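Please read the structure below before turning to the comments.
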Protein chains: 2
Amino acid sequence: METTAIDDSEAIVGDLYSDACPCREILNLVASKWATLIIGKLEDGPLRFGQLRRAISGITQKMLTQTLRRLEQDGLVHREVLVHMRPPQVEYSLTELGQSVTEPLAAIRDWSEQHLPDVQAARRNFDALQPN
Amino acid sequence: METTAIDDSEAIVGDLYSDACPCREILNLVASKWATLIIGKLEDGPLRFGQLRRAISGITQKMLTQTLRRLEQDGLVHREVLVHMRPPQVEYSLTELGQSVTEPLAAIRDWSEQHLPDVQAARRNFDALQPN
DNA sequence: CTGTATCCCCCTGGATACTG
DNA sequence: CAGTATCCAGGGGGATACAG
């Protein structure tokens with residue numbers, strides 16, 4: 001039987017998770033500069049729009065709205081409009097899915113806190129050696 | 001005491017990044033579209049430039065070089081020039097630091113494989129409800 | 001084979017102003 | 001208070017050509 005029909009070259013080193021890697025989507029989601037901060041703030045419990053804005057210094061209304069929409073769309077955040085309130089208030093909270101993503105996020109955070117000094121040292125060393 | 005002593009310039013930025021965790025730097029590093037793929041390929045062992053390029057379909061030489069430089073600069077990847085070879089060859093491998101980052105990366109990957117269907121379902125549901 | 005150098009598009013994200 | 005609408009700068013990233 002002809003098992004050699006496929007590209008015979010040594011080249012491809014197993015493409016188990018090349019383009020189709022689902023983690024890329026999640027990384028894009030989570031690395032969008034504000035998403036992790038928002039998720040982090042909501043870990044402690046529901047917050048209203050203004051509370052979030054004040055809790056995350058430097059964020060603009062636009063980015064807060066935009067990121068919340070995306071998180072809501074992806075099922076990580078629940079948006080609850082308190083209609084009867086005057087003035088109207090909107091409360092955001094993590095869904096179960098959102099809760100579950102805090103675990104891998106914590107893995108990244110832990111690694112960062114543990115190894116960021118090494119990364120920064122590597123950067124300084126690199127800069128020192130490369131007369132760029 | 002005068003709290004106005006702050007140097008007018010970058011108070012906000014500094015506050016932002018101290019309030020945030022160091023994980024932002026790592027997320028920026030790792031979410032740069034190609035970095036995780038390169039790290040993933042190198043998990044199995046050292047690879048040469050051309051092998052990496054062929055293993056990661058769609059990547060351009062520019063992005064491969066650029067991302068490898070960054071990973072090298074941050075101490076995650078080791079670059080070994082095989083000088084005596086004709087034509088010259090360059091071999092890339094994960095450093096210990098690079099090896100260690102594969103663990104939190106695996107956490108993200110696992111979560112993605114497990115929950116991406118939920119995310120996609122949430123997206124479809126959101127689109128269905130929001131007549132945009 | 002392994003890069004470097006341009007050109008250029010597009011998207012993210014920031015500032016600002018306006019609405020319900 | 002919550003959200004939308006513009007305008008705009010910067011950088012990531014693709015295509016291509018050239019070099020050691």
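Keep in mind it's a predicted model, so treat the numbers as computed, not measured. Every chain is numbered from 1 and lettered A, B, ... according to where its sequence line falls, protein lines coming before strand lines.
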Considering the terminal five base pairs at each end of the helix from C/dC1-D/dG20 to C/dG20-D/dC1, what angle separates the two local helix axes, rounded to 10°? 40°
Gap separating the [atom1] atom of [X] from the [atom2] atom of [Y], nearest 0.5 angstrom:
X	Y	atom1	atom2	result
B/D127	B/R124	CG	CZ	9.5 Å
A/L94	A/L76	CG	CG	8.0 Å
B/N125	A/Q73	CG	CD	10.5 Å
B/L29	B/L71	CG	CG	6.0 Å
A/R48	A/R54	CZ	CZ	7.0 Å
B/L68	B/R79	CG	CZ	9.0 Å

Reckon A/Y92 has a side-chain N or O less than 4.0 Å from the OP1 or OP2 of D/dC1? no
Does B/R48 have a side-chain nitrogen or oxygen under 4.0 Å from the phosphate oxygens OP1 or OP2 of C/dC1? no
Round to a whole Å and report the spacing from [atom1] of [X] to [atom2] of [N].
X	N	atom1	atom2	value
B/L47	C/dC1	CG	C1'	15 Å
A/I38	C/dG13	CD1	P	11 Å
B/L64	C/dC1	CG	C1'	12 Å
A/L37	C/dG13	CG	P	12 Å
B/F49	C/dT4	CZ	P	9 Å
B/L52	C/dT2	CG	C1'	12 Å

For nucleotides 4-20 of chain D, 5' to 3', base contacts (B), sugar-phosphate-only contacts (S) and non-contacts (-) with protein non-hydrogen atoms under 4.0 Å give B-BB-----BBBB----
Would you indicate what A/R53 reaches in the nucleic acid, counting non-hydrogen atoms under 4.0 angstrom: base, sugar-phosphate, or nothing? nothing
For residues 107-114 of chain A, tabulate all N or O donor-acceptor pairs below 3.5 Å that involve a side-chain atom, not counting sequence neighbours.
residue: A/W111; atom: NE1; partner: B/S100; partner atom: O; Å: 3.4
residue: A/W111; atom: NE1; partner: B/S100; partner atom: OG; Å: 2.9
residue: A/S112; atom: OG; partner: A/I108; partner atom: O; Å: 2.7

Using the rule given for side chain to side chain contact (heavy atoms under 4.5 Å, CB included), can you reason through A/K41 versus A/I56, listing the C-alpha separation, both sets of side-chain angles and the distance that settles it, and then say yes or no? CA-CA 8 Å; A/K41 295 299 179 186; A/I56 303 174; 3.8 Å; yes
Return yes if some donor-acceptor pair links the side-chain N/O of B/R24 with the main-chain N/O of A/K33 below 3.5 Å, else return no. yes
